[in-house]
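Below, all heavy atoms of this structure are taken into account, side chains as well, without hydrogens, waters or symmetry copies.
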Amino acid sequence: WRSRISRQRISFTAFFLTCTAFIYILVLGTQFKMMSMLGDHHDRTTAASASNAVIGTETTEIRNNDLAMIVPPGHFHHLAEMKRKATLTMKRKKNDGGNGVDGHGEIGRMGVVSHHRSHDKLALKRRGQQSLGMIANDGNGNGASPPENDDRPESDNESAESKNNEAYTAPNNENTNDQRYKTSAASIAQKWNLTASNSISLLEQQFAKVNDYDPHNDFFHFHHLYKSGGTSISNLMDKTVGLPTSPRGEGVGKGKGYEGILPGSYESGNFDHHEALADINKRMAAGMKREDLPYKASYAHTGLRPVYGPKRTQTGKFLLEHLSPTKRLRVITMLRDPTDFRASNHAMIMCGLNYEVSRFNNERRSRGILSQVCTPRDGLNVSALVDRKISDLMEKCRKADEMERRGEKVTLNNALREQCKKEKRGVDTREHCRSVKNLLASKEYDKHYRSMFKGLMGRFHRGQEFTNSTAYGRMGYGFERAENSHGYSVEKVEEYTLEDLGGLDTTTISGAGDRAGHPPEPDFIWFGITERMKESTTLFYYHFKAKPLAKTPDSRVQPCRPNSWWSKEDREEVRRREPADYAVWRAANAIMDVRIEKMRLEIEAGLDAGETKDSLYYVDWDQLEEIGYKLENQKLVMSK
């Protein structure tokens, strides 16, 4: 009897355990099914802990300072949206009985980190995913490349793309902002007629690009292209990043002595390496360590790139050898409308006619005629100005010959002497200066004015080799025409400009070869556009966190501008001949449009988060109003 009772208990226990195991397996299977359904609905990141650190399990009030702690520098424009989402999430949590959004307890993944559309891959297939460290996440933790042209609408169901390139940070904002960036990028690309297939994606990345300029560890060189407004930028650098002034009264250029500017810098000249080295040696002889040298920047007509490879520049080599090895070399530059660029170079550098125009108008004023004559339409006879210039040269040659006959020292250079000899033989040595039509028909145009922007980045596209033709300040005579280079297309020039001049690719562009393992060239952290000087300098102050000057320098702005000599037909001819230069120009303007819009969004978000006009000391409020925005009642509004 007792054994029978024992066997019944064992059977009952076995039956109970079997039923329990079946129910457990059923519940566990249901949970796994639910998790698989939710896999694409939530961002699989570690940001949950960051969100919980701000929101907490019991907190119902979101503080600006707490949110600001987890916002990357330069991302103020995400702050207000993050606060709104976080507050909304807390309300939903309360209404859902503490289960979080949708009753799944996923509040840690909401409110701070958002989903964003997977961007086009920047031509990752061409460059290789590993070179930029950009791997897309397929939602299961596996690297996968999305379609190159992904036109699907944005959705919370799309997985986030992992971007690890240090110059590019994935948008840390909600889908509404992400859609705003996409819409704005598409509009800007259309405005500037960009035809590269990934131009919209690259412009979107400009919105997400973090300003990583570090005044303590970065050194940047301003490559001043002739007649681009660079003298004004050099002066601006003196009074911002160049401060404080040197107590020794020594240093830059003509002895202006700004501690932050490397001596040997000249606002309108080549970089003087001997002057720079002398100052470095003097400081180090006095006991200063190389890592404590005060220099933050330099400027000159001399180009910096390429710093690496067989065509490395003297300036690049010099800075690598004599600055602290902890310094990160970077570069800034200026560019202008390609036709205006040629007009100024033609009139002022090639032909020297700016002086003649000024002399002509000064003589008119001396006769009581106050109005200036600046264009052929107004009666300016450019050919007559050329005749006068040649007449002056012939007089110099005559005097030089007399001095030689008397045994006196003569300083007239051989090039001018040769020009005089040709003029005596009846050769018009300045025929290309007499009119724009003459220039366009001359060999001088092909020699000097083809693909002039090659000196800007060092090349137009990845298929070209770098040039060092601006290494000593020259504009680079004898440039290879971009249109004749291997692999050229307008789309490739646009793409390369958006990546390189836009500062998006800081790892694969190298004069030693665009391959993994080669040292990258100094990246562009700012550029300006001559015709958009107010916007350019506003971005300069904002980017370098410099207090705006009472008056932004505007050195050498000509009252009579030679671009007025060029007719509509002349301009169209340059546009037809120089598609590569105009592709760079259009892409640069598109980048600037994005940066102005991004700056506006960041300022607005900063004001919403409690920033003030005083705390945003690096915003040039006066120039900002001139370009379309003004501050009213702690709000940034459109100017009338």
Answer yes or no: is there a side-chain heavy-atom contact under 4.5 Å between [X] and [Y]?
X: Arg290; Y: Ile280; value: yes
X: Thr552; Y: Thr538; value: no
X: Pro522; Y: Phe220; value: no
X: Ser298; Y: Ile261; value: no
X: Asp620; Y: Phe540; value: no
X: Thr537; Y: Leu549; value: no
X: Ile525; Y: Val331; value: no
X: Thr183; Y: Ser187; value: no

Basic-acidic side-chain contact under 4.0 Å: [X], [Y]:
X: Asp212; Y: Arg330; answer: yes
X: Asp292; Y: Arg283; answer: no
X: Glu597; Y: Arg180; answer: no
X: Asp178; Y: Lys182; answer: no

**OP:** Determine whether the aromatic ring centres of Phe544 and Tyr213 lie less than 6.0 Å apart.
**Re:** yes
Original post:
What do you reckon, are the aromatic ring centroids of His273 and Phe271 less than 6.0 Å apart?
Top reply: yes
Under 3.5 Å, side chain of [X] to main-chain N/O of [Y], donor-acceptor pair present?
X: Ser510; Y: Pro519; value: yes
X: Glu521; Y: Val307; value: yes
X: His224; Y: Glu267; value: yes
X: Arg305; Y: Met457; value: yes
X: Ser615; Y: Glu611; value: no
X: His223; Y: His301; value: yes
X: Thr313; Y: Leu304; value: yes

Which atom names give the shortest non-hydrogen contact between [X] and [Y], and what distance separates them?
X: Met334; Y: Met533; result: CE-CE, 3.6 Å
X: Leu293; Y: Met284; result: CD2-CG, 4.4 Å
X: Met237; Y: Ala297; result: CE-CB, 3.6 Å
X: Tyr308; Y: Pro520; result: CE1-O, 3.1 Å
X: Asp279; Y: Tyr295; result: OD2-OH, 2.5 Å
X: Ile591; Y: Thr497; result: CD1-O, 3.9 Å

**OP:** Give the ring-plane orientation class for Trp192 versus Trp585, where under 30° counts as parallel, over 60° as perpendicular and anything between as tilted.
**Re:** perpendicular
**OP:** Measure the acute angle between the ring planes of Phe207 and Tyr181, then classify it against the limits of 30° and 60° as parallel, tilted or perpendicular.
**Re:** parallel
Original post:
Are Lys545 and Tyr541 in a cation-pi setup, meaning NZ or CZ lies under 6.0 angstrom from the ring centre and within 45 degrees of the ring axis?
Top reply: no
**OP:** Apply the test side-chain contact (heavy atoms from CB on, under 4.5 Å) to residues Leu335 and Val584: give CA-CA distance (whole Å), side-chain angles for both, the deciding distance (0.1 Å), then the verdict.
**Re:** CA-CA 9 Å; Leu335 69 157; Val584 172; 4.3 Å; yes
Original post:
Atom CG of Asn193 and atom CD of Glu494: how far apart are they, to the nearest 0.5 Å?
Top reply: 7.5 Å
**OP:** Give, for atom NZ of Lys296 and atom CZ of Phe219, the distance between the pair rounded to the nearest 0.5 Å.
**Re:** 12.0 Å
Original post:
Are Glu632 and Lys635 close enough, and set up right, to give a salt bridge (charged side-chain N to carboxylate O under 4.0 Å, His left out), and what steps lead you there?
Top reply: CA-CA 5 Å; Glu632 282 187 0; Lys635 297 290 184 182; over 6 Å; no
Donor + acceptor pair across side chains of [X], [Y] (<3.5 Å):
X: Tyr542; Y: Asn211; answer: no
X: Tyr266; Y: Glu275; answer: yes
X: Ser324; Y: Thr326; answer: yes

Subject >> Criterion side-chain contact (heavy atoms from CB on, under 4.5 Å) on Tyr618 and Lys547, from CA distance to verdict >> reply: CA-CA 5 Å; Tyr618 45 84; Lys547 184 177 180 180; over 6 Å; no
Original post:
Given Leu631 and Lys613, is the side-chain contact (heavy atoms from CB on, under 4.5 Å) satisfied, shown in steps?
Top reply: CA-CA 8 Å; Leu631 185 64; Lys613 185 175 182 178; 3.9 Å; yes
**OP:** Might you work through the side-chain contact (heavy atoms from CB on, under 4.5 Å) test for Gln206 and Met592, ending with a clear yes or no?
**Re:** CA-CA 10 Å; Gln206 278 294 325; Met592 180 166 285; over 6 Å; no
**OP:** Name all pairs fulfilling the salt bridge (charged side-chain N to carboxylate O under 4.0 Å, His left out) condition that reach into residues 526-541, sequence neighbours left out, sorted by first residue then second.
**Re:** Arg336-Glu531, Arg532-Glu535, Arg532-Asp593, Lys534-Glu626
